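Proteins come first, then strands; the chains are lettered A, B, ... in the order of their sequence lines, and each starts at number 1. From a predicted model like this one, the values you see are computed outputs, not experimental measurements.
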2 protein chains.
Amino acid sequence: MDHRTFKTEINEQLARIAKAVANPHRLEIIDLLAQGERSVDALAQETAMSVANASQHLQALREARLITARKEGLRVYYRLADYTVYRLVQTLREIAQQQLAEVDRIVNTYLTQRASMEPVTLNELLTRLREPGLVILDVRPALEYSQGHIAGARSIPIDELESRLHELPQAQEIVAYCRGEYCVFADEAVEILTEHGYHVRRLQLGYPDWKLADLPTETE
Amino acid sequence: MDHRTFKTEINEQLARIAKAVANPHRLEIIDLLAQGERSVDALAQETAMSVANASQHLQALREARLITARKEGLRVYYRLADYTVYRLVQTLREIAQQQLAEVDRIVNTYLTQRASMEPVTLNELLTRLREPGLVILDVRPALEYSQGHIAGARSIPIDELESRLHELPQAQEIVAYCRGEYCVFADEAVEILTEHGYHVRRLQLGYPDWKLADLPTETE
DNA sequence: ATACTATTCAATTAATCAATTGAATATTTG
DNA sequence: CAAATATTCAATTGATTAATTGAATAGTAT
């Protein structure tokens, strides 16, 4: 029994997964794929990378079996190999938040309104899902909403919010959410809605966290 | 509001944590530190690295704020900066097991008896903690046992087990555990004890998983 | 058939990472 | 004090990673 070799080989497999996510672009790609399947050029655009570079990063994730692909015509669509792959991002996020002062500094620098907003926890929203006076507002792009969203949520993509305010009843409380803890769409929605006199709060996490917690979702 | 920059900076911090654990030696170091604080030369020995190399890897973990150090005389002792850092290893392990066929292949190659042994889950052991006929056997080195162990466990380090069999009542059921899912001490203990007619099963995970689940622990 | 398009592949270059080496630093002992 | 020791530091070397570039491949439309 060669323990040393066993240990080494096992830890090499664990490191293989860690290496695959040890790059900021690849983390962002996983985050986007957790919203729903995406083509290479869509991912490239969203992450401000060249198609060739995005493709290389996707091959790295694929080598580690974290994503899978299907081809349709000219396009290749990627998705998470298993939804639990998103747990890698979650755990990294939680540990980084806990251990790195830089995370707070970055959040406080860019999201200056967050300190004054009490977010809604997943659990709180779960208990209020059937509340008649509550609007759950998904401000991600409509495609993402249709691929999966919190049960009962309605969709107004952030870039349409200003022009579609009239669709939202001012008497109701709104919980806005988007892609995850570091997605800014919901922060922007809270700002806009607050300026227009709405009672609105941001959901603390995002759709992938909700889904991964096996809470009620819908697709369109 | 520069979303692109915010996204990039946040993901760089997440990647910083991932990079720190994206090395097999560093994963093993975290695993060992989860058993309790350790000096550099002890870590170097256990991981079959030079002291200089171990020290370099420790500096990498330290840069990512995953470990902390205290000095005592000539020696520097390292520990996890927070016990939840072990969650990185747990998550990587779970995703690797789920996504990489290589993990099963490696385990089946080196731990050939595992397929025929039904392990005890943490939950099952928790419900049986006060069972009078059950012996919980910690087969890690005695130092690790003293730094922290499952409440009510007794210690016989694996390298002393053959010579101390007489201390174990053959009429009782034994649950053996060690450092974690890929620690082989408990497998070896099961083999030895089974050969000698004991009724013994391995705990599925190890002490750090037990501790991280906030289940009852003791120190000596 | 040609032209266009989405993606991958492979090569190149620069940056980063890992192991080793030996010196430097700090502590302990006789 | 000198000698021994545990660890870190810094430099070197070789390996790996990331971005870019342009060619190759496969699919679609005319």
Side-chain angles (χ1 to χ4, degrees), chain A residues 4 7-9 11-30 32-33 37-79 143, chain B residues 4 7-9 11-30 32-33 37-79 143:
Chain A
R4 194 70 259 150
K7 271 290 183 214
T8 299
E9 289 192 26
N11 284 313
E12 269 165 2
Q13 295 303 313
L14 269 57
R16 180 174 162 199
I17 300 283
K19 277 184 174 91
V21 298
N23 173 277
H25 294 305
R26 294 203 284 280
L27 285 166
E28 195 175 358
I29 286 171
I30 293 175
L32 290 171
L33 294 181
E37 155 182 286
R38 238 29 197 246
S39 67
V40 181
D41 68 344
L43 287 167
Q45 277 180 17
E46 187 78 45
T47 57
M49 284 194 276
S50 67
V51 168
N53 198 19
S55 177
Q56 299 274 56
H57 283 300
L58 287 162
Q59 304 318 308
L61 290 170
R62 205 172 182 183
E63 189 283 327
R65 305 286 182 266
L66 299 182
I67 62 175
T68 57
R70 70 176 178 91
K71 192 156 186 185
E72 190 177 307
L74 281 180
R75 286 194 150 76
V76 182
Y77 292 88
Y78 285 89
R79 68 175 56 198
L143 172 65
Chain B
R4 194 71 258 149
K7 270 289 181 216
T8 298
E9 289 191 27
N11 283 314
E12 270 165 3
Q13 295 303 313
L14 270 57
R16 181 172 160 200
I17 299 284
K19 277 186 174 92
V21 297
N23 173 277
H25 293 305
R26 293 202 285 277
L27 284 167
E28 195 176 356
I29 286 171
I30 292 174
L32 291 170
L33 294 181
E37 158 184 284
R38 268 327 225 261
S39 67
V40 181
D41 69 344
L43 288 168
Q45 278 181 17
E46 186 79 43
T47 57
M49 284 194 276
S50 67
V51 167
N53 198 20
S55 177
Q56 300 273 57
H57 283 301
L58 287 163
Q59 303 318 308
L61 290 172
R62 203 171 184 183
E63 188 283 329
R65 304 287 184 268
L66 298 182
I67 61 174
T68 57
R70 70 177 176 92
K71 191 154 184 185
E72 191 178 304
L74 281 177
R75 285 193 152 74
V76 183
Y77 293 88
Y78 284 89
R79 69 176 56 201
L143 172 64

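Here A60(B) lies out of heavy-atom contact (under 4.0 Å) with every strand. If you check every strand for non-hydrogen atoms under 4.0 Å, Q56(B) touches a base.
Residue I30(B) holds its CD1 atom at 8.0 Å from CD1 of I67(B), rounded to the nearest 0.5 Å. Annotation: the span from T47(B) atom OG1 to I29(B) atom CD1 amounts to 5.5 Å, rounded to 0.5 Å. Atom OG of S39(B) and atom NZ of K71(B) lie 13.0 Å apart (nearest 0.5 Å). Rounded to the nearest 0.5 Å, atoms CG (L66(A)) and CZ (R16(A)) are 9.0 Å apart.
Scanning DNA chain D 5' to 3' for nucleotides with an atom closer than 4.0 angstrom to a non-hydrogen atom of chain A gives a first and last hit of dT17(D) to dT28(D).
Straight-line distance from the CD atom of E12(A) to the P atom of dA18(C): 13 Å, rounded to whole Å. In this structure, Y77(A) places its OH atom 8 Å from P of dT7(C), rounding to the nearest Å. Counting to the nearest Å, the C1' atom of dT16(C) and the NZ atom of K19(A) are 13 Å from each other. When the P atom of dA18(C) is taken as reference, atom CG of L61(B) falls 10 Å away, rounded to whole Å. The distance between atom NE2 of H25(B) and atom C1' of dC17(C), rounded to the nearest whole Å, is 12 Å. Between the CG atom of L58(A) and the C1' atom of dA6(C) there is a distance of 13 Å, given to the nearest Å. For K71(B) and dT28(C), the NZ to P distance is 9 Å, given to the nearest whole Å. Between the CG atom of L74(B) and the C1' atom of dG30(C) there is a distance of 15 Å, given to the nearest Å.
Computed from C1' positions of five pairs at each end, the angle between the two local axes of the helix from dA1(C)-dT30(D) to dG30(C)-dC1(D) equals 20°, rounded to 10 degrees.
Side-chain contact check for R75(B) versus V40(B): every heavy-atom pair is 4.5 Å or farther apart. Side-chain contact between V21(B) and R26(B): absent, with no pair of heavy atoms (C-beta onward) separated by less than 4.5 Å.
Taking side-chain N and O atoms only, R26(B) has a distance below 4.0 Å to OP1 or OP2 of dA18(C). In terms of phosphate contacts, N23(B) brings a side-chain nitrogen or oxygen within less than 4.0 Å of OP1 or OP2 of dA18(C).
Salt-bridge check for E28(B) with R4(A): passed, with a basic side-chain N closer than 4.0 Å to an acidic carboxylate O.
In plain terms, the two heavy atoms of N11(A) and L27(B) that are nearest each other are O-CD1, 3.7 Å.
Remark: side-chain polar atoms of Q59(A) are paired, donor with acceptor, to backbone N or O of S55(A) under 3.5 angstrom.
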